[in-house]
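Here the structure is laid out as structure tokens; the discussion comes afterwards.
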There are 2 protein chains.
Amino acid sequence: MKLSVKSDYAARAVLGLARHYPTGAALRVEDLASGQGVPANYLVQILIELKAQGIAKSVRGKEGGYLLARAPAEISLGDVLRAVHGEVFDTPALSDPNCAPELRGAWQRLKDAMDKAAAGITFQQLLDEGADKEKMYYI
Amino acid sequence: MKLSVKSDYAARAVLGLARHYPTGAALRVEDLASGQGVPANYLVQILIELKAQGIAKSVRGKEGGYLLARAPAEISLGDVLRAVHGEVFDTPALSDPNCAPELRGAWQRLKDAMDKAAAGITFQQLLDEGADKEKMYYI
DNA sequence: ATCGCTTTTGACCGAGAGCTTCACGAGCGA
DNA sequence: TCGCTCGTGAAGCTCTCGGTCAAAAGCGAT
């Protein structure tokens, strides 16, 4: 099971916005893209999806750009994954009625594990981990 | 994150072989395919991969077919997923060096959760669940 | 009002993967 | 030798993914 580059880009974008969140200012797409190593034109589409899901919001015109719609503590990795794909975990078997019920149960268990793990990772945690790592250099 | 139909087919195939495991006889591809609602010509390719990973084995000639190489209790859903794709969970971010380390940690946690969940589901369990369900009708 | 900045939207395209089918070769038993 | 089965490779088809581009639209400043 391979995760798409899109999910990765989306996570990077949200992390970038989260780092910038305390300033309260909007971040331009171009700056966000170059800071995270993501093609700007592609990032635009991802940001639009993030906005549609209420994760980010945008400001137009000069001094415009993107910022998070909620605090980083309120955004989980699962939210981001659901924003760019429909579901965190999906398989044709779950919607196939002539799939054996015991198998469907197995896929469901896998899905639940995935959902739970993704919901348990918030971007505030990631910010803290990054800060901890940086603190190492000062010791 | 979408799971391919191939993984589903592989799981069905192994479940079908597991049900037939106690007899010790080989199961023809055609029979296995029609029993599980899988295109036979495609199933062949999947079975070859399962065989290459030591999950199934084959017998040629008349009375030939496929059977499990180990007991159903020794085969986890993770084994099957790893047989048809390379990994249970993979993302370009994990091998991208200029991805933020805190993000890589997050993906790794997701991967671990997935691996653990997939390793914890054996086909013996699925057989038992199926048997339990069948017993319901006799009450 | 107009201009420059930004997001927004939609269309487009090439490459590759996934799914499926087919045809033919190879091993085994009668 | 014949019939049965697996084994293997190749082909086609569709669809998604990753990425680009251009034009529209909102906002602020001059």
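In what follows, every chain begins at residue 1, and chains take the letters A, B, ... in the order their sequences are listed. The structure presented is a predicted model; accordingly, all values stated were derived computationally and were not measured.
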**OP:** Identify whether the distance between the nearest side-chain nitrogen and carboxylate oxygen of B/Glu102 and A/Arg19 falls below 4.0 Å.
**Re:** yes
Original post:
Taking the side chain of B/Arg28 as heavy atoms from C-beta outward, which of D/dC6, D/dG18, D/dT20 is closest to it?
Top reply: D/dC6
**OP:** May I ask you to verify if any side-chain N or O of A/Tyr9 is less than 4.0 angstrom from the OP1 or OP2 atom of D/dG19?
**Re:** yes
Original post:
Any N or O donor-acceptor pair linking the side chain of A/Glu30 to the base of C/dT7 at under 3.5 Å?
Top reply: no
Subject >> Whole-Å gap separating C1' (D/dC6) and CG (B/Leu27) >> reply: 13 Å
Original post:
From the list C/dT6, C/dT7, C/dT21, which nucleotide is the closest neighbour of the side chain of B/Pro39?
Top reply: C/dT21
**OP:** Would you mind classifying the nucleic acid contact of B/Gln45 as base, sugar-phosphate or nothing, using non-hydrogen atoms under 4.0 angstrom?
**Re:** base
Subject >> Contact nearer the 5' end of DNA chain C, comparing A/Gly64 with A/Ile48 >> reply: A/Gly64
Subject >> Atom-pair distance (CG on A/Asp8; C1' on D/dC17), nearest Å >> reply: 14 Å
Original post:
Between C/dG18 atom C1' and A/Lys2 atom NZ, what is the distance in whole Å?
Top reply: 10 Å
Original post:
In whole angstrom, what separates B/Leu47's CG from D/dG9's P?
Top reply: 16 Å
Original post:
Does A/Leu3 offer a backbone N or O that forms a donor-acceptor pair with the side chain of A/Ser7 under 3.5 Å?
Top reply: no
Original post:
Within the side chain of A/Gln125, is there an N or O that forms a donor-acceptor pair under 3.5 Å with the backbone of A/Gly120?
Top reply: yes
Original post:
Between A/Lys6 and A/Glu49, is there a side-chain N and carboxylate O pair less than 4.0 Å apart?
Top reply: yes
Original post:
Is the phosphate of D/dG18, meaning OP1 or OP2, less than 4.0 Å from a side-chain N or O of A/Tyr42?
Top reply: yes
Subject >> Among D/dG18, D/dC6, C/dC19, the nucleotide that comes nearest once only the side chain of A/Lys6 is considered >> reply: D/dG18
Original post:
Looking for any heavy atom pair under 4.0 Å, which part of the strands does A/Lys51 touch: base, sugar-phosphate only, or nothing?
Top reply: sugar-phosphate
Original post:
How do A/Ser7 and A/Lys62 order along DNA chain D: which one's closest nucleotide is nearer the 5' end?
Top reply: A/Ser7
Subject >> Rounded distance in Å - CD (B/Glu63) to P (D/dC6) >> reply: 12 Å
Original post:
A/Val44 near the nucleic acid: base, sugar-phosphate alone, or nothing, with a heavy-atom cut-off under 4.0 Å?
Top reply: base
**OP:** Could you state the atom-to-atom distance from CD of A/Glu49 to C1' of D/dG18 in whole Å?
**Re:** 13 Å
**OP:** Nearest whole angstrom, please: distance from the P of C/dC19 to the CZ of B/Arg12.
**Re:** 12 Å
Original post:
The side chain of A/Arg60 lies closest to which of these nucleotides: C/dC19, D/dG26, C/dT21?
Top reply: D/dG26
Subject >> Ion pair check, B/Lys111 and B/Glu87, cut-off under 4.0 Å >> reply: yes
**OP:** Rounded to the nearest angstrom, tell me the gap between atom CG in A/Leu43 and atom P in C/dT7.
**Re:** 10 Å
